Amino acid sequence: MPIPDATDSAPLRLATTSLVVLVGPSSAGKSTWARRWFRAGQVLCSDDLRAAVGESRYDQRASADAFEVLERMLLARTGRRLLTVVDTLGLDAGRRAAWVQRAHAMGMTAVAVRLDTTARDVRQRNAAREVSLPARALSRQIRAMEVTTADVLTAEGFDIVVGTTDPDDLPVQVTAPSMLTAPAAARRQRQEPLPMRIGLQIGRFDPPAEDLAGHLVAVAQAAETAGFDSLWVMDHVIQIPQVGREWEDMLESWTTLGFLAQATSRIRLGTLVTGITYRNLAHLAKIVATVDVLSGGRVVCGLGAAWFEREHTAYGWPFPGVPQRYDLLRDACELLPLMWGPGTPSFEGRTTTVPEAICYPRPLQDHVPILVGGSGERSTLRLVAEHADACNLFGDPEEVARLVGVLHDHCADVGRDTGDVEVTNLVTILAAPDRATLQQRVAALTPAGRAPERTMASLHAGTVEEHVGLLRRYAEAGVDTAILTMPVIDADRVAELAPLVAAFAG
């Protein structure tokens, strides 16, 4: 399905997880509007269901059965949080209330669309229909519509209430839920800019192996030219199921960063994040120092407790329990700065003993930043407050803002200035310079049998300008660096993001 776009009028922006209830008398234009902007399967039309369970669309004796089917279909669709349009009269307050309650229970947006067609036009259209509604019944609907005001619908709990006297004047633009408020947030960023650094993660290596080196160089150089502050790779030896299939190419992380160091000159380089179970900790310190020297002092050392048991099994690495891995992570946070610092002190940790913390050459940076990944409120964020220079938080802007508050509480407990800890966030985006191109990219990534709305929501699909709005919300939540990852990454798509990066340049 095409992503509906505006025509001459401002569009009604609908989240992909919306339940839309049409309100208006017969012949007001509800079905005409619904057919124009939505797929047939998204519209639950009581007239069509009368035809399915009765003798025709006008078989009022089949109404009870038709509405029973409608309610069952509504329950099924909202159970999957699918965009759904209810095309009935919408004049029954009890039914409306139940639909709003269902939408909210499923975390969906409840939208009421009033078709405010004049009584005269409604009567004229009704008279021209193949089977017209009796005048008395139509008059009752018109009177019911008069008292079903926008204020009444708002009081019933609808999140959005809109009205139109002409269906042609109300185009629809379906958008990912995360993009619903993006235009307003983008305006805030243009009017009162908040600075934020933008990073780019290369999460997959799609081209054939013989083209991979040139592809990586092109992407890295495009990112640097576009103004990205940092470039990141995952630290895995098998592709993770959240991103792709395990037989896809997956390069070793620190080797890749060493290669990218020679293709770039300014951009910071880091892992998001290095699993502390994959390497001897002292050896890891040596690896990081080497890449820092070869890159001219541009390394960020991301660390994490590791989680992907599958690759531990495949490579014969021990996979201890969570408490033991957190002890190892704490040891890494304490040992690595010793390895990079003066002298050769010994280290006795919880899991690791190093007789001599010796590492030559030292990193070029006086202090190699350590980023700890994860949003664990009691252990991970406490460790960040005590030992790390940065954290990587997960979630939408509201959740990130809450986690930033938790981090700040930990900083206060240990006497740490919150400004000393950089807050980063990894967000997946599908971006395009315009909606026509976005439509094509959504279609290309939507497998058979899946709704394009699902792809839009999962990948935060939006125009570059909409992504300015999304990142503005993260900046307002306290994020210092937003790290973007893309389902398809190439030099051209990275270059398209230059206006997004520029919107947050300090």
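This structure is a prediction, so every number in the text was calculated from the model and none was measured.
A donor-acceptor pair is defined here as one N or O able to donate and one able to accept, closer than 3.5 Å; such a pair exists between the side chain of Arg81 and the backbone of Gly107. The main-chain N or O of Glu309 is found under 3.5 Å from a side-chain atom of Thr313 such that the two form a donor-acceptor pair. Put simply, the side chain of Gln439 never gets that close to the backbone of Ala436: no donor and acceptor are under 3.5 Å apart. The backbone N or O of Gly341 sits less than 3.5 Å from a side-chain atom of Arg362, completing a donor-acceptor pair. Judged by distance alone, with hydrogens and angles left aside, the side-chain atoms of His410 form no donor-acceptor pair with the main-chain N or O of Ser379 at under 3.5 Å. The main-chain N or O of Ile238 is found under 3.5 Å from a side-chain atom of Glu311 such that the two form a donor-acceptor pair. Looking only at distances, a side-chain donor or acceptor of Asn425 sits under 3.5 Å from a matching main-chain atom of Leu393. Not a single donor-acceptor pair under 3.5 Å links the side chain of Asp229 to the backbone N or O of Ile198. Formation of a donor-acceptor pair under 3.5 Å by the Thr424 side chain with backbone atoms of Cys391 is found in this model. With Asp327 contributing its side chain and Arg350 its backbone, the two residues share no donor-acceptor pair below 3.5 Å.
The two residues Ala176 and Ala457 have their closest heavy-atom pair at CB-CA, 4.0 Å. Minimum heavy-atom separation, Ala305 to Tyr326: CB-CE1, 4.4 Å. In this structure, Arg325 and Thr277 approach most closely via the heavy-atom pair CD-CG2, 3.9 Å. Taking all atoms of both residues into account, the shortest heavy-atom contact from Arg416 to Val384 is NH1-O, 3.3 Å. Listed here is the closest heavy atom pair of His460 and Leu470: CB-CD2, 4.4 Å. Pairing each heavy atom of Leu294 with each of Ala261, the nearest pair is O-CB, 4.3 Å.
Ion pairing of Arg473 with Glu398 is present here, as a side-chain N (NZ or NE/NH1/NH2) and a carboxylate O approach within less than 4.0 Å. Salt-bridge formation is detected for the pair Arg382/Asp413: a Lys NZ or Arg NE/NH1/NH2 atom is positioned less than 4.0 Å from an Asp or Glu carboxylate oxygen. Using a 4.0 Å cut-off between a side-chain N of Lys or Arg and a carboxylate O of Asp or Glu, Glu453 and Arg80 do not qualify as a salt bridge.
Heavy-atom neighbours of His283 NE2 from other residues, nucleotides or ligands within 6.0 Å: at or below the threshold of 12. Atom CD of Glu192 has 12 or fewer heavy atoms from other residues, nucleotides or ligands within 6.0 Å. With a 6.0 Å radius and a threshold of 12 heavy atoms from other residues, nucleotides or ligands, Tyr315 has its OH atom at or below the threshold. By the 6.0 Å contact criterion, CG on Asp417 is enclosed, its count of non-hydrogen atoms from other residues, nucleotides or ligands being greater than 12.
Donor-acceptor pairing under 3.5 Å is recorded for the side chains of Thr264 and Arg298. In summary, the side chains of Thr485 and Trp232 do not present any donor paired with an acceptor at a separation below 3.5 Å, with no hydrogens or angles considered. Side-chain contact of Asp235 with Thr271: a donor-acceptor pair under 3.5 Å is absent, judged by distance alone. Between the side chains of Glu422 and Thr481, a donor-acceptor pair is found at a separation under 3.5 Å.
Separating the CZ atom in Arg77 from the CG atom in Leu19 is a distance of 10.0 Å, to the nearest 0.5 Å. The structure places CH2 of Trp340 at 9.0 Å from CG of Leu335, a figure rounded to the nearest 0.5 Å. Atom CZ of Arg197 and atom CD1 of Ile483 lie 10.5 Å apart (nearest 0.5 Å). Rounding to the nearest 0.5 Å gives a distance of 11.5 Å between CG of Leu336 and CD1 of Ile276. Note: Arg13 CZ to Met179 CE = 9.0 Å, rounded to the nearest 0.5 Å. Taken from CG in Leu381 to OG in Ser375, the straight-line distance is 6.5 Å, to the nearest 0.5 Å.
Looking at Thr274 and Trp254, their side chains come closer than 4.5 Å, going by heavy atoms from C-beta outward. Contact annotation: the side chain of Pro397 never approaches that of Arg402 to less than 4.5 Å [non-hydrogen atoms, C-beta and beyond]. Between Thr164 and Trp33 the shortest side-chain heavy-atom distance does not fall below 4.5 Å. With a 4.5 Å cut-off on side-chain heavy atoms, Phe228 and Leu497 count as touching. The shortest side-chain heavy-atom distance between Trp37 and Val174 does not fall under the 4.5 Å cut-off. No side-chain heavy atom of Trp247 sits less than 4.5 Å from a side-chain heavy atom of Gln239. The shortest side-chain heavy-atom distance between Arg454 and Thr446 does not fall under the 4.5 Å cut-off. The side-chain heavy atoms of Phe308 and Val237, taken from C-beta on, include no pair separated by under 4.5 Å.
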Quick one, Leu484 with Leu500, criterion side-chain contact (heavy atoms from CB on, under 4.5 Å). Give me CA distance, side-chain angles, the key distance, then yes/no.
CA-CA 11 Å; Leu484 312 182; Leu500 173 62; 3.8 Å; yes
Applying side-chain contact (heavy atoms from CB on, under 4.5 Å), run through Leu281 and Leu328 and close with a yes or a no.
CA-CA 9 Å; Leu281 294 185; Leu328 189 60; 3.7 Å; yes
Residues Thr418, Leu407; criterion side-chain contact (heavy atoms from CB on, under 4.5 Å); working and verdict
CA-CA 8 Å; Thr418 57; Leu407 172 64; over 6 Å; no
Could you walk me through whether Met339 and Lys286 pass the side-chain contact (heavy atoms from CB on, under 4.5 Å) test, one step at a time?
CA-CA 8 Å; Met339 294 288 298; Lys286 181 71 173 180; 5.8 Å; no
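Among residue pairs with one or both ends in residues 486-496, those qualifying as side chain to side chain donor-acceptor pair (under 3.5 Å) are Arg441-Glu496; sequence neighbours excluded. Applying the salt bridge (charged side-chain N to carboxylate O under 4.0 Å, His left out) test to every pair with at least one member in residues 176-189, sequence neighbours left out, gives these pairs: Arg188-Glu476.
Of the options Leu269, Leu216, Thr256, Leu257, a side chain to side chain contact (heavy atoms under 4.5 Å, CB included) to Leu231 is made by Leu269 and by none of the others. For the side chain to side chain contact (heavy atoms under 4.5 Å, CB included) with Asp292, the qualifying choice from Val299, Val300, Ile287 is Val299, the only one to do so.
For the pair Arg36 and Phe38, the cation-pi criterion (under 6.0 Å, within 45° of the ring axis) is not fulfilled. At least one test fails for Arg310 against the ring of Phe319: distance under 6.0 Å to the centre or angle within 45° of the axis.
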